Amino acid sequence: MKRLVFYSSFLISLISLSLSTIPAQAQPCQKINNAQSTAYGLREQDRRCEGIRAEDISGDFSLISLTLGKIQPSSILKLQVPDRANGQEPKVLVTSKKKNYQLDPLEFRYSGGVFQVQWSDGVIRAAGISLDSLRAIASVRSGVQKVYLPVILSPGAGQYQIVLSNERPAKIPIFQILRNGTVVYSDARNTFQPKGQIKFTWQGRDRAGNPLPAGRYELRVKADLEQDNAPPQPASVSVAFEHDPKWLK
């Protein structure tokens, strides 16, 4: 009996010790103590991670922006993401590659079927970042699939702007938008583009210029990345995204 009591006490002690050593859930970024700092960190008002990062987060060839319109100059900057996932909050990323600026909104306002984000332009002004250099992307989960949503920077844009990041000169023989496996739009850059960013636009219409219905589409891109003293290296992007013609108005 004494042995049973001993083992029971020992087990309880182990459980208590284990629970006491479980770390609290990590913050997505470290809190900024100096509100004037431009370093990347947690900012409590309009809660977000924002600032200049030490490292470049983009890949060698990747989709970095799917937007509508241009962000409007103001002391309070704003963007919207339409809800196409029954109230699921999107993951939003705003970047400017020129100075490794990054914004990760952690707080959303929901109204009229859109998620709204606002934040002070203090860091952007202090770091000398042009609003035209900002790129934005948003996504939600649909089962195991990541689905992208356009970030609405201003209404009435009339077309999507799609931006690819290329860390090496690249040519893009295939740029396609598909619906139900059928190509509805295509474009290309058949000569090597300088490293940096490659921009495409799409008006939400098929090849004949007809408006396309709301629904899920696929962006499919194939590229050749320049290499020193070697044949070009193939690269690709294939993502699902949502389109609705009403977002363009």
Side-chain angles (χ1 to χ4, degrees), residues 53-70 90-104 129-130 132-142 144-151 153 157-210 212 215-243 248:
R53 300 202 65 164
E55 72 278 7
D56 187 348
I57 64 164
S58 65
D60 197 32
F61 183 73
S62 58
L63 174 68
I64 61 169
S65 198
L66 175 60
T67 58
L68 290 163
K70 292 185 177 181
K91 179 178 174 60
V92 177
L93 178 66
V94 180
T95 58
S96 175
K97 287 181 62 62
K98 291 184 178 180
K99 295 192 177 179
N100 288 347
Y101 169 84
Q102 181 174 332
L103 166 72
D104 299 271
I129 295 169
S130 164
D132 287 340
S133 74
L134 294 179
R135 305 289 177 249
I137 202 160
S139 63
V140 292
R141 284 284 173 185
S142 177
V144 297
Q145 184 181 37
K146 179 187 284 189
V147 178
Y148 288 89
L149 301 165
V151 178
L153 303 177
Q159 64 182 12
Y160 297 95
Q161 179 164 277
I162 301 165
V163 183
L164 302 164
S165 173
N166 55 309
E167 296 305 311
R168 288 178 280 168
K171 62 180 178 180
I172 301 179
I174 295 176
F175 178 94
Q176 297 175 334
I177 293 174
L178 301 88
R179 179 172 182 259
N180 298 327
T182 299
V183 176
V184 295
Y185 179 80
S186 61
D187 197 351
R189 301 285 191 275
N190 287 314
T191 58
F192 278 100
Q193 308 294 300
K195 72 175 184 178
Q197 298 177 14
I198 305 175
K199 301 176 184 178
F200 291 85
T201 59
W202 180 52
Q203 297 180 340
R205 297 173 180 271
D206 62 18
R207 295 176 179 182
N210 301 310
L212 287 161
R216 184 152 309 169
Y217 289 73
E218 179 188 356
L219 171 65
R220 183 184 296 169
V221 183
K222 294 188 182 299
D224 295 317
L225 308 183
E226 189 176 74
Q227 297 193 98
D228 294 334
N229 303 316
Q233 177 184 357
S236 64
V237 168
S238 181
V239 300
F241 72 97
E242 290 284 335
H243 157 67
L248 301 171

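What you are looking at is a predicted structure, and each value in this text was computed from that prediction instead of being measured.
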Kindly indicate, with the supporting measurements, whether the criterion side-chain contact (heavy atoms from CB on, under 4.5 Å) is fulfilled by Leu103 and Leu93.
CA-CA 6 Å; Leu103 166 72; Leu93 178 66; over 6 Å; no
Please report the interatomic distance CG(Leu164) to CG(Leu219), rounded to the nearest 0.5 Å.
7.0 Å
With sequence neighbours excluded, what pairs up with Tyr160 under the ring pair (Phe, Tyr, Trp, His ring centres under 6.0 Å) test?
Trp202, His243
Spatial distance of atom CZ (Arg205) from atom CD (Gln203) [nearest 0.5 Å]:
6.5 Å
Drop me the distance from Asp187's CG to Asn190's CG, to the nearest 0.5 angstrom.
9.0 Å
Taking every heavy atom of Arg179 against every heavy atom of Tyr217, the minimum-distance pair comes out as CD-OH, 3.1 Å
To the nearest 0.5 Å, atom NZ of Lys91 lies from atom OH of Tyr148 at 10.0 Å
Just by distance, no angles: are the side chains of Glu167 and Ser165 close enough, under 3.5 Å, to form a donor-acceptor pair?
yes
What's the shortest heavy-atom distance between Thr201 and Gln159, and which atoms?
CG2-NE2, 3.6 Å
Does Gln233 reach the main-chain N or O of Pro231 with its side chain, forming a donor-acceptor pair under 3.5 Å?
no
Side chain Asn166, main chain Pro194, donor-acceptor under 3.5 Å
yes
Compare all side-chain heavy atoms of Ser142 with those of Arg216 and state whether any distance is below 4.5 angstrom.
yes
Which pair of heavy atoms, one from Ala54 and one from Asn100, lies closest together, and at what distance?
O-ND2, 4.1 Å
Nearest heavy-atom neighbours spanning Ser62 and Val237:
CA-CG2, 4.2 Å
Mind checking the CG-NZ spacing from Leu225 to Lys171? Nearest 0.5 Å is all I need.
11.5 Å
Testing the basics here: between Leu248 and Gly204, what is the closest heavy-atom pair and its distance to 0.1 Å?
CD1-CA, 4.2 Å
I want to check something: taking the side chain as every heavy atom from C-beta on, are Glu226 and Pro232 in contact at a cut-off of under 4.5 Å?
no
Is Asp224 salt-bridged to Lys222, going by a charged N under 4.0 Å from an acidic O?
no
Check: Leu212 and Tyr185 side chains under 4.5 Å, non-hydrogen atoms:
no
Can you find a heavy atom in the side chain of Val221 that is under 4.5 Å from one in the side chain of Phe200?
no
Test log, rule side-chain contact (heavy atoms from CB on, under 4.5 Å), inputs Asp60 and Arg168:
CA-CA 7 Å; Asp60 197 32; Arg168 288 178 280 168; 2.5 Å; yes
Under the side-chain contact (heavy atoms from CB on, under 4.5 Å) test against Lys97, which residue among Leu134, Ile64, Val163 passes?
Ile64
How close do Ala223 and Ile172 get, counting heavy atoms only, and between which atoms?
CB-CG1, 4.1 Å
Once rounded to the nearest 0.5 Å, what's the spacing between atom OH of Tyr101 and atom CZ of Arg53?
12.5 Å
Looking at Arg189 and Phe192, would you say the former's side chain and the latter's main chain have a donor-acceptor pair under 3.5 Å?
no
Pairwise side-chain contact, Val183 with Arg207, heavy-atom cut-off 4.5 Å (strictly under)
yes
